[in-house]
> 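Let me give you the structure first, and then I'll get to my questions.
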Amino acid sequence: MPVRINPSILAADFVNLEHDLQRISSADLVHVDVMDNHFVPNLTFGPQMVGRIQDVSPIPLDVHLMISDVDRWAPGYAELGAYSVTFHVEAATDPVAVARRLRQIGARAGIAVKPGTPIEPYLDLLPEFDQVLVMTVEPGFGGQSFMPETMPKLTALRDAVNRQGLDVWLQVDGGVSLDTIGIAAAAGANTFVAGSSVYTGGDPTDNIAALRAEAARHTH
Ligand code: DX5
Ligand code: ZN
């Protein structure tokens, strides 16, 4: 099973973003955290900025929407050319309709769940999605601690994906580091978002390689 490492530019230098995008060119996708100071108590950037990131990024975009009213706003990110657009089920009135619209535009469609949100209601809907993001921290900020109590959701997802013969990517986001990535890989994740552990301390290329190797070691 392939392992994907998606660095989060939430931990990058926003004033030197083009440079910080080049530093992660060995990664699979660049994780772009869109926050609206409403769905989460933090604010990052919107479509105009994501469009410019799309223009200059050496690797495709994995957009993570932490915004309200995704039915209205999510399709615009797919129209910008993002490779994948992931929205929170807590913020969508009709997740399947949003996912279908994203796929129709040409993006991979992902749903995300906060740590307290159960995954069971979505297990029968998996063919509608290309990716499921299990948040391993409360969304909103980088640099928080990985919550191992979210792992049963990944185990349930991995079982359901395999049982249904699907290739839905299972992603984790929050507190992913060399100390925790193996826990998520062992539980069934194959796509790993990492902000602080890629950009802080050492060279991003080396950090990406180390995370990739550690994830692969625990993948089965
Ligand atoms: C948090 C964001 C994450 C964040 C992860 O709400 O969705 O993508 O950048 O940061 P780290 O890896 O530092 O926990
Ligand atoms: Zn994220």
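Atoms within each ligand, like the ligands themselves, are counted from 1 in listed order.
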> Using the Zn ion (ligand 2) as the apex, give the angle to atoms ND1 (His64) and OD1 (Asp33), rounded to 10 degrees.
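Between ND1 of His64 and OD1 of Asp33, at the Zn ion (ligand 2), the angle is about 90°.
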> When you compare the side chain of His38 with that of Asp69, does any pair of heavy atoms fall below 4.5 Å?
no
> Counting heavy atoms only, which of Ser145, Gly175, Ala194, Gly140 is nearest atom 6 (O) of ligand 1?
Gly140
> Taking the six-membered ring for Trp, are Phe45 and Phe14 ring centroids under 6.0 Å apart?
yes
> Below 3.5 angstrom, do we get any N/O pair linking Ser196 and ligand 1?
yes
> Do any nitrogen or oxygen atoms of His64 come within less than 3.5 Å of a nitrogen or oxygen of ligand 1?
yes
> Within the 3.5 Å criterion, strictly below it, is a donor on Arg108 or Ser84 matched to an acceptor on the partner's side chain?
no
> To 10°, measure the NE2(His31)-the Zn ion (ligand 2)-OD2(Asp173) angle for me.
100°
> Taking the side chain as every heavy atom from C-beta outward, state whether Phe146 and Met151 have any atom pair closer than 4.5 Å.
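Yes; the side chains approach each other to less than 4.5 Å.
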> Would you check whether Val176 has a nitrogen or oxygen atom less than 3.5 angstrom from a nitrogen or oxygen atom of ligand 1?
no
> Tell me: protein heavy atom nearest atom 5 (C) of ligand 1, and distance?
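Nearest protein contact, heavy atoms only, for atom 5 (C) of ligand 1 is Asp173 OD1, 3.5 Å.
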> May I ask you to check if ligand 1 and Gly143 share an N or O to N or O distance below 3.5 Å?
yes
> Starting from atom 10 (O) of ligand 1, find the nearest protein heavy-atom neighbour and note its residue, name and distance.
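Looking only at protein heavy atoms, the one closest to atom 10 (O) of ligand 1 is Gly142 CA, 3.5 Å.
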> State, without any angle test, whether Asp33 and Ser8 hold a side-chain donor-acceptor pair at a distance under 3.5 Å.
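Judged by distance alone, the side chains do pair up.
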> Any donor-acceptor pair under 3.5 Å linking the side-chain atoms of Thr117 with those of Glu90?
yes
> Should Ile9 and Asp20 be marked as a side chain to side chain contact (heavy atoms under 4.5 Å, CB included) after you check the CA-CA gap, both sets of side-chain angles, and the distance that decides it?
CA-CA 8 Å; Ile9 51 163; Asp20 271 2; 5.8 Å; no
